[in-house]
Amino acid sequence: MKNINYQDLSPIQKDLLAEAEKAMEEAYNPYSKFFVGAALLTLDDQIITGANVENASYGLTVCAERSALLRANVMGKRMFKALAIIARGDNFNTNEASAPCGACRQMIYEASQIAGKDIEIILSTTNKDKIIICTIKELLPLAFGPRDMGIDVTKYQK
Ligand code: THU
């Protein structure tokens, strides 16, 4: 886990964050008014984005990260090497980079076992003044995943 300056990100990391930033504006967030954007980078360098989608029955809310993962699945993509996440409030910028919630960490971990890769996660404040790079294994140590269920992950790789 490390802090990094925006200018030290690679071109693809900057692109990923830019796509997450665009997706953030598509949040459906009438209840929290909190905007979150996520962008997944596939092993073959395709970017697939998501934004949070809320519901009047609050608990049904889908976070940006899971929205991106679900969208990617329908697009035939299950293998990722990186994920960028950015957030903002209704009328305020975040002071600290928002990290994925526990449910999202569990789903990102599933994807990491399918890909056989520890997914890099780029977390950014709204104005990109604080950026953290970490991995899903760091965010969810000692995790439970498809391999623990005896799943042959190679069958689900695409
Ligand atoms: N949210 C995300 O989209 N991702 C996270 O990892 C944390 C929370 C969303 C869910 C809800 O729409 C709003 O942020 C406030 O929790």
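Both ligands and their constituent atoms are indexed starting at 1 by order of listing.
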Close side-chain approach of Pro146 and Glu110, heavy atoms under 4.5 Å: yes

Beyond-backbone contact of Ser112 with Lys117, side-chain heavy atoms, under 4.5 angstrom: no

Nitrogen or oxygen of Cys101 less than 3.5 angstrom from that of ligand 1: yes

Beyond-backbone contact of Phe35 with Ile86, side-chain heavy atoms, under 4.5 angstrom: no

Polar contact flag for Ala64 and ligand 1 (N/O pairs, less than 3.5 Å): yes

Heavy atom of the protein closest to atom 12 (O) of ligand 1 (residue, atom name, distance): Glu54 OE2, 2.5 Å

Under-4.0 Å protein heavy-atom contact, atom 6 (O) of ligand 1: yes

Heavy-atom gap Ala99 to ligand 1 smaller than 4.0 Å: yes

Beyond-backbone contact of Glu120 with Gln13, side-chain heavy atoms, under 4.5 angstrom: yes

Subset of ligand 1 atoms that lie under 4.0 Å from at least one heavy atom of Pro100: 6 (O)

Residue pair Ile108 / Leu69, side-chain heavy-atom distance below 4.5 Å: yes

Pairwise side-chain contact, Ile132 with Ile4, heavy-atom cut-off 4.5 Å (strictly under): no

Nearest protein heavy atom with distance in Å, relative to atom 4 (N) of ligand 1: Glu65 OE1, 2.9 Å

Asp45 vs Lys81 side-chain heavy atoms within contact, under 4.5 Å: yes

Protein residue, atom and distance nearest to atom 9 (C) of ligand 1, heavy-atom basis: Asn52 ND2, 3.6 Å

Student check: side-chain heavy atoms of Phe34 and Thr94 closer than 4.5 Å: yes

Where ligand 1 meets Phe34 - atom numbers and elements under 4.0 angstrom, heavy-atom basis: 14 (O)

Within-cut-off N or O pair, Thr61 and ligand 1, under 3.5 Å: no

Ala27 contact mode with ligand 1 (heavy-atom cut-off under 4.0 Å): neither

Ser32, portion touching ligand 1 at heavy-atom distance under 4.0 Å: side chain

Polar side chain donor-acceptor pair, Gln113 to Tyr109, under 3.5 angstrom: yes

For atom 8 (C) of ligand 1, the protein heavy atom that lies nearest, with its residue and separation: Cys63 SG, 4.0 Å

